[in-house]
Each structure stands twice: as C-alpha cells, then as structure tokens.
Amino acid sequence: MTFTREKIVLTAIGSVVALSFVVFAVLFVKYDRAADRNNEDAILAYAQRAEAEDNPPLAAWCWRRLTALNPFKAEYVDRYCHALVRMRNFRMLATYTNDHPASVVLTDGEKEVERLLAKGVELEAAFSNELAAVCYAKATNLNYYASVPFLIDCEARIGRIGAALDAARAYIKRFPDPTMALHTAEWCALAARPDLVDETRRAVPATSGYSGLVFGYYCDALNAWIKGDKASLAVTLKEIDAGAFNTPVARLMALESAADGDNPSRVQAAYWKLAKCQRLFDFPERGKAAVKRFIAAHFPSGLPIVELGRLADMVLDGGHADVELLRISLLARLETGRLGGGALDEAELLYPGDKGLKKIREGYERALAETH
C-alpha cells in the first residue's frame, strides 16, 4: 500500500470501540520543559525510546517535531509516517502526505496487521466472533496499540467480560484513552468491582479537564449502581449531562434509576433508549424487570391504570412475553372500555388457567352485560 502526494488510497477498517487516536503529547512527553525545546538530539533520543517502548502516540509526536526542526531529513519524515501507520491514524497520514512531498510503502509487518484486522472485522460481520478474536490476538503481537481495542471489543461481544476487562486495564495504564477508560469502568461495574472502577477513574483524573471531571461523576454513578445506593445514583446522574454518556450501560443505569422514582414518562423514555441500542448480555431482560418493578410499586392505586398499561404495552410490543404485564395491559383496556373478546381469547390461549386472566374475563363479561 503506497501513500503519495498525488493520490492516496486508504482502506478504512472500523473498530466498534472507537478510539480517538490523538497524540498524547501532554501526557507522555517527559523532557525538561525548561531546556531548549528545539534540541534535536534530545527529541531524537525521546523518539527512539518511544519506538523501543512501543509507544506510537509519543513516537509520532516526537518525529513530527523533528520534521519541523529538520524538514529535509528523509528519515524523520519516513519515521513519522510509519508512526502514524502504527497508530492507524490514516486520516492524519493522508493529510500529511498530501501536503508534503512524501510517500509511504507499508512494511510486511504493517500489511499483516491490516490483513489480520480486516479478517477479524469480516469474521465478526459473519458472527464468527471466536475466530475474529484469534485474528485480533495475533494482530496484538504485531501492533499492541492499534489492535488491542479490537480484541477487547470482540471479547466483550463474546461475553468474556473478564478477558476484556483484563486487557483493557492493562491497555489504559499505557494509553489512557478516555473512550477506552469509559468502557473499562463499565465492565468493572458489570463485574461488581467498585475498586476497579476507582482504579479506572485514576487513568483519566479530574485534573485532566472537563472530560476527566465528568468521567469522575460517571464513575460515582457506576459505584452507586453497583452498591444499590438508589439515592446517590439519582443525585449523581443529575450531575452528568444527559448527552455525555450514551452507552448501553449508561442507558440501563438511567432506566433502573428512573424505575425507582414516580415518573412514568421518565421510565418510558429511558426504556425506549435502552431498547434502541445494541442488545448486550441480559440488558433486555433487566430493562423489562425495571419497568415491571415500577409498575408493581404503583399498582393498584399509586398511578392511574392507564399509565401503567401504557408501560406494559411498551414492553410487550418490544417482543417480551410476560403474563403479569399482559394482565396490566388488559386491565387498562378494560378500565377504558377498549378491551375486546379477541384479545382476551388470545391471552387465555397463551396462559390457560391463569387466575388473573380469569378475573379479568369475569370483569369483562360483567361490563358487557351492563351495556346490554
């Protein structure tokens, strides 16, 4: 694969765990700021050490700085371009090679990484996640920085949260990417490990800026969720901008918190958000359970039956089969005069002999007799 000033052909291979691939200059560059920033030999030493330690973001920053200090040294340009390849930051590589007289030919190792990642993506699309994980694992041996996020995401899809969590914890210690830290904190919460949530929080400290501050609030919410501290969870979620976190875990947490309140509209909105996202683990069942818990807490006199029936219909229309929710739905229709015999017949076929349905049948027949 060749990148030239005249024409650039790029193959984009997407990862479901989307990393920003920014250059972490502030986090990684350790040379003395009081010294001469333009000391070419010093920066060259850092660049070489970054490559030896397999730190592509730092290597890319150093080589880029060196190309600015000595733009006519071809080695600096070449090493910078290959650092971008190692980061898989093909967008920045395209911009650079378009703006400078540079060309890049991928090495055999770089081509193999791309082949393995492409094969893994292809296998995942065919629902062969186990085989995809094998491809990603091989790729990590060749390019840890770029390949581990693919492997982590694949392990999570398979349901091997422990493996995903172990890999992610090690990764963010070396490369504290906020997106990866977010997923790691959530996996720690799913594993019911508040200690690991706190460990992950430290990877993106509040002092790093707004994102670090908000991430800290989110970790507080996760810990409250783990511990079942409903009051703290509700308070902490209010501290977080509604659009700041939109993952399946965040949506489930918001729904379960809403289900502990008294607002059916909040429960409805939170349920729909969860239903529309990627279906993970037992999240659909947990979403249904949260709605059922809310209905049970407000039945028979806490809220109008019509409101509760609307929530029951929402879950049933989503493909869930549940006799208790079905009873609530039928009772709401009976209360408003919308219940028909056909709906009752169908319910009784699904759940023959159910005592609750029998009572609804009796109520329906009484109402029918009163109208004649």
Requested in this report: Tell me whether the centres of the aromatic rings in Y144 and Y171 are closer together than 6.0 Å.
Outcome: yes
Query raised in the report: Got a salt bridge between K119 and E112, using NZ or NE/NH1/NH2 to carboxylate O under 4.0 Å?
Result: no
Query raised in the report: If you look at every heavy atom in E199 and R169, which pair is closest and at what distance?
Result: OE2-NE, 2.7 Å
Query raised in the report: Is a salt bridge present between D313 and R310, judged by a nitrogen-to-oxygen distance below 4.0 Å?
Result: no
Query raised in the report: Are R174 and N55 linked by a side-chain donor-acceptor pair shorter than 3.5 Å?
Result: no
Report task. Could you check whether the rings of F281 and F283 sit parallel, tilted or perpendicular, using 30° and 60° as the cut-offs? Result -> perpendicular
Report task. Look only at the side chain of T236 and the backbone of L233, and say whether a donor-acceptor pair between them is shorter than 3.5 Å. Result -> no
Query raised in the report: What orientation do F175 and Y145 show, parallel under 30°, tilted 30 to 60°, or perpendicular over 60°?
Result: perpendicular
Query - Min side-chain heavy-atom separation M253-E186 under 4.5 Å - result: no
Query raised in the report: What are the two closest heavy atoms between Y96 and R64, and how far apart are they?
Result: CD1-NH1, 2.7 Å
Query raised in the report: Between K227 and D229, does at least one N-O distance fall below 4.0 Å, as a salt bridge requires?
Result: no
**Report entry** Salt-bridge contact R79-E75 (side-chain N to carboxylate O under 4.0 Å)
**Finding:** yes
**Report entry** Test of ring centre spacing under 6.0 Å for Y76 and Y80
**Finding:** no
Query raised in the report: Is there a donor-acceptor pair under 3.5 Å between the side chain of R266 and the backbone N or O of A254?
Result: no
